[in-house]
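These notes concern the structure reproduced below.
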Amino acid sequence: MPTGPFPPLAAVELERAERKIGYRLPDLLRRIYTEIGDGGFGPEGGLASLTEGRRAAGDLTDWHCALSIHDQRAGWAPPRSWFYLTGGGCSMEWYVSLLAVDHPVLLYDADGWEPKRGQDSHDGLRYAASSLRQWLWTWADGDNVWDEALRTISQT
């Protein structure tokens with residue numbers, strides 16, 4: 001795991017990533033990627049990068065790249081309007097909706113749906129925080145993003 005964020009992106013690099021995604025990132029994420037760093041810090045294991053091939057010193061593998069996560073799905077890829085934030089352990093992943101008002105954070109459980117029971121991948125998706133800002137603030141305030149997610153999930 002990196003000891004700090006990867007270097008920030010230039011505006012042109014961010015715009016190139018947004019073209020590949022097909023959506024503009026929320027302003028908060030745009031500022032994070034261009035002013036703080038290109039991933040490697042934040043909730044859970046750290047925000048995904050927007051650059052392929054980022055590698056922390058001493059790591060043997062590349063850091064997660066939000067741009068390639070859709071291409072790595074065999075048989076199912078989340079829509080591009082769900083932007084991959086970070087892994088959540090086991091089969092869990094955190095996403096943010098790029099289309100919904102306030103950009104809610106979504107928790108995806110790959111094991112949370114059964115095709116044999118007529119369910120599709122959407123059955124593994126749950127709202128975890130009402131907004132990206134809330135999810136990041138929970139982490140920045142030293143609280144556990146899972147506590148908020150479990151509260152939100154139990155209310156739905």
Side-chain angles (χ1 to χ4, degrees), residues 1-6 8-9 17 21 23-51 54-115 117 119-156:
M1 181 176 343
T3 57
F6 294 112
L9 297 175
I21 296 166
Y23 294 92
R24 179 183 165 94
L25 293 179
D27 288 341
L28 180 58
L29 271 182
R30 295 179 107 244
R31 289 194 65 195
I32 287 170
Y33 282 114
T34 59
E35 296 176 22
I36 298 172
D38 183 25
F41 67 97
E44 293 297 282
L47 294 176
S49 173
L50 293 178
T51 306
R54 291 269 192 213
R55 188 174 293 192
D59 276 0
L60 299 176
T61 58
D62 291 343
W63 193 250
H64 299 290
C65 178
L67 301 182
S68 62
I69 200 76
H70 292 80
D71 302 332
Q72 297 170 359
R73 303 288 186 219
W76 181 78
R80 293 236 181 242
S81 63
W82 300 350
F83 178 76
Y84 177 80
L85 293 168
T86 188
C90 297
S91 62
M92 309 294 275
E93 296 174 338
W94 299 90
Y95 287 83
V96 63
S97 172
L98 300 179
L99 296 178
V101 174
D102 292 332
H103 307 289
V105 172
L106 312 162
L107 187 58
Y108 175 67
D109 181 358
D111 294 333
W113 57 284
E114 276 293 325
R117 293 187 180 161
Q119 296 177 329
D120 67 21
S121 54
H122 288 82
D123 292 305
L125 186 69
R126 299 288 181 262
Y127 282 94
S130 61
S131 70
L132 175 65
R133 182 175 303 279
Q134 177 186 356
W135 186 72
L136 288 169
W137 188 260
T138 298
W139 167 77
D141 204 29
D143 294 329
N144 187 333
V145 293
W146 277 100
D147 291 343
E148 178 68 25
L150 294 174
R151 264 193 308 277
T152 302
I153 289 168
S154 69
Q155 294 171 358
T156 57

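Note that the structure is a prediction, hence the values are computed from the model and not measured.
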- Item | Within 6.0 angstrom of Arg133 CZ, more than 12 heavy atoms from elsewhere | no
- Query: Is there a side-chain contact between Met92 and Tyr108, using heavy atoms and a 4.5 Å cut-off?
  - Reply: no
- Gap separating the CG atom of Leu29 from the NE2 atom of His103, nearest 0.5 angstrom: 8.5 Å
- May I ask you to check whether Trp139 and Trp146 place their ring centers less than 6.0 Å from one another? no
- Between CG of Asp102 and CG of Leu132, what distance do you get to the nearest 0.5 Å? 10.0 Å
- Got a second to check how far Thr51's OG1 is from Tyr33's OH, nearest 0.5 Å? 9.0 Å
- Item | Where Leu50 and Cys65 come nearest, the two heavy atoms and their spacing | C-SG, 4.1 Å
- Task: Evaluate side-chain hydrogen bond (donor to acceptor under 3.5 Å, both in side chains) for Asp38 paired with Ser49, printing each intermediate quantity in order.
- Result: CA-CA 5 Å; Asp38 183 25; Ser49 173; 2.7 Å; yes
- Scanning both residues in full, the closest heavy-atom pair of Thr86 with Glu44 reads CG2-CB, 3.8 Å
- Nearest-0.5 Å distance, CG of residue Leu28 to CZ of residue Arg30: 12.0 Å
- Message: Could you check whether any side-chain heavy atom of Val96 comes within less than 4.5 Å of a side-chain heavy atom of Pro104, counting everything from C-beta outward?
- Response: no
- Item | Beyond-backbone contact of Ile32 with Leu136, side-chain heavy atoms, under 4.5 angstrom | yes
- Item | Straight-line distance of Leu98 CG to Ser81 OG, nearest 0.5 Å | 6.5 Å
- Item | Check: Pro26 main-chain N/O paired with Tyr23 side-chain donor or acceptor under 3.5 Å | no
- Message: Are the side chains of Leu106 and Trp94 in contact, using a 4.5 Å heavy-atom criterion?
- Response: no
- Message: Any non-hydrogen side-chain atom of Ile21 less than 4.5 Å from a side-chain atom of Phe83?
- Response: yes
- Task: Provide the closest heavy-atom pair for Pro5 versus Ile36 in the form atom of the first, atom of the second, distance.
- Result: CG-O, 3.8 Å
- Message: Please give me the minimum heavy-atom distance between Ala129 and Trp135, naming the atom from each residue.
- Response: CB-CB, 3.9 Å
- Ala128 to Leu107 - nearest heavy-atom pair and separation: CB-CB, 4.0 Å
